[in-house]
Number of protein chains: 2
Amino acid sequence: MITVDLKSRVPIYEQIVDSVKSAILSGLLGPDEQLPAVRKLAVELAINPNTIQKAYTILEAQSIVYSIPGRGSFVSADTGALADAHHAKLISELKQLLDDAKRSGISKKEILDIVNGYGE
Amino acid sequence: MITVDLKSRVPIYEQIVDSVKSAILSGLLGPDEQLPAVRKLAVELAINPNTIQKAYTILEAQSIVYSIPGRGSFVSADTGALADAHHAKLISELKQLLDDAKRSGISKKEILDIVNGYGE
DNA sequence: TAAGTGTACTATTTGTATTAGTACACTTGT
DNA sequence: ACAAGTGTACTAATACAAATAGTACACTTA
């Protein structure tokens, strides 16, 4: 569920933050569902517990999870804000990509062909 | 022409590499045109000459520039490969973004509206 | 000859992530 | 009451890569 690439340039704790966010966005982790325990996940990923803790602390600061000492860490009840932020981010990235494509002389037709290749 | 963000996470030498590539792709730098001298650019960007040299070495290894000791560094005569690679990269990023958007429940209509907002 | 160019090399510094180790307070289940 | 499992907190040490500092050499151009 939560994975990490030790060789990546992005810090492990950040990968964990992103991984948890993805799990929530994809529905893999539902509201009030418990996250893996700090120590357990550390063993599973073969990294230091402090690194997991750092990730959970960041997630808690962003109101994406809440932690109860002695109990565990859990997904926040309301994940709407997270979904909204992700949505906005995707739109923004798409616009930037289109700008770049236009500057690079990629035709609108080529782009539309690709977009239309995606079902629905 | 070539800019750098000291606060960015991506290494300065890599920013320079990307910056030169962009300048070439946008036509700001034409074939056989001379790049700023290592020492001069170092002064201009207020960074160490070694960092510039590292960037130029990488660009030369990728056949994007060629260097002549005593003369300077110049844009390669044939920049077609660079343009092709950039084109392929954009297409790939677009596909990935569309995948993500689909997974996030963004409607095709919303995407088409954005794409159609880009002239031509 | 002088100035400007790329190239090469080693040592050092710096910043940040990560690890290591320990300790405390709380909750749950027995 | 107890043990096990949980989050939390803190300091020190380690590791690694980027960036800097400093110097030197070979070449080209005016």
Side-chain angles (χ1 to χ4, degrees), chain A residues 1-20 23-24 29 31-77, chain B residues 1-20 23-24 29 31-77:
Chain A
M1 178 160 71
I2 294 175
T3 57
V4 147
D5 174 11
L6 285 315
K7 280 168 293 189
S8 165
R9 169 185 297 166
V10 6
I12 299 177
Y13 71 86
E14 201 167 310
Q15 292 185 47
I16 295 172
V17 168
D18 292 340
S19 207
V20 170
I24 294 174
L29 277 177
D32 293 317
E33 189 168 340
Q34 181 168 7
L35 273 64
V38 168
R39 292 170 180 77
K40 193 180 167 197
L41 186 54
V43 171
E44 185 181 322
L45 299 180
I47 59 180
N48 195 283
N50 291 338
T51 305
I52 315 282
Q53 186 197 340
K54 184 168 186 177
Y56 282 12
T57 299
I58 291 174
L59 285 167
E60 187 166 20
Q62 296 180 2
S63 301
I64 294 171
V65 311
Y66 60 92
S67 295
I68 306 177
R71 291 281 316 282
S73 296
F74 307 85
V75 176
S76 291
Chain B
M1 178 159 71
I2 294 175
T3 57
V4 147
D5 175 11
L6 285 316
K7 282 170 290 190
S8 166
R9 170 184 297 167
V10 5
I12 299 177
Y13 71 86
E14 202 167 308
Q15 292 185 46
I16 295 172
V17 168
D18 292 340
S19 207
V20 170
I24 294 174
L29 277 178
D32 293 318
E33 189 167 342
Q34 180 168 8
L35 274 63
V38 168
R39 292 171 181 78
K40 193 179 166 197
L41 185 55
V43 170
E44 186 182 322
L45 299 180
I47 59 180
N48 195 283
N50 291 338
T51 306
I52 315 281
Q53 186 196 339
K54 183 168 185 177
Y56 282 11
T57 299
I58 291 174
L59 284 167
E60 187 166 17
Q62 296 180 2
S63 302
I64 294 170
V65 310
Y66 60 92
S67 295
I68 306 178
R71 290 280 317 279
S73 296
F74 306 84
V75 177
S76 291

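Order of the sequence lines sets the chain letters (A, B, ...), proteins ahead of strands, with each chain counted from 1.
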Sorted by number, residues from residues 60-73 of chain A placing a heavy atom under 4.0 Å from DNA chain C are A:Pro69, A:Gly70, A:Arg71

In whole angstroms, the gap separating C1' of D:dT20 from OH of B:Tyr13 amounts to 15 Å

Here the distance between atom C1' of D:dC16 and atom CD1 of A:Ile12, to the nearest Å, is 12 Å

note: A:Lys40, atom NZ; D:dG5, atom C1'; distance rounded to Å ~ 11 Å

Note to self: Once hydrogens and angles are ignored, does a donor-acceptor distance under 3.5 Å link the base of D:dG22 to the side chain of B:Asn48?
What the structure shows: no

Regarding the side chain of B:Ala37, the nearest nucleotide among C:dG6, D:dA18, C:dT19 is C:dG6

Out of C:dT18, C:dA8, D:dA18, minimum distance to the side chain of B:Gln53 belongs to C:dA8

A side-chain contact here means heavy atoms from C-beta on lying under 4.5 Å apart; do A:Ile12 and A:Leu6 qualify?
yes

B:Asp5 CG to D:dA19 P, in whole Å, measures 12 Å

Quiz item: Any side-chain N or O of B:Tyr56 less than 4.0 Å from the OP1 or OP2 oxygen of C:dG6?
Solution: no

Query - Side-chain touch B:Asp18/B:Tyr13, heavy atoms, less than 4.5 angstrom - result: no

B:Tyr56 side chain reached by B:Val38 side chain, heavy atoms, under 4.5 Å: yes

| field | Charged N-O contact under 4.0 Å between A:Glu14 and B:Arg9 | value | yes

With the side chain counted from C-beta on, respond yes when A:Pro36 and A:Met1 share a heavy-atom pair under 4.5 Å apart, and no when they do not. yes

Between NZ of B:Lys7 and P of C:dT16 the distance, given in whole Å, is 13 Å

Of D:dC10, D:dG7, D:dA18, the nucleotide closest to the side chain of A:Asn50 is D:dC10

In whole angstroms, the gap separating C1' of D:dT6 from CD1 of A:Ile52 amounts to 14 Å

Are A:Ile16 and A:Ile47 side-chain neighbours, meaning at least one heavy-atom pair lies under 4.5 Å? yes

Can you find a heavy atom in the side chain of B:Ile24 that is under 4.5 Å from one in the side chain of B:Glu33? no

Would you say the base of D:dG5 and the side-chain of A:Arg39 have a donor-acceptor pair closer than 3.5 Å?
no

Taken to the nearest whole Å, CG/A:Leu35 to C1'/D:dG5 is 16 Å

From CD of A:Gln34 across to P of C:dT28 the rounded distance in Å is 11 Å

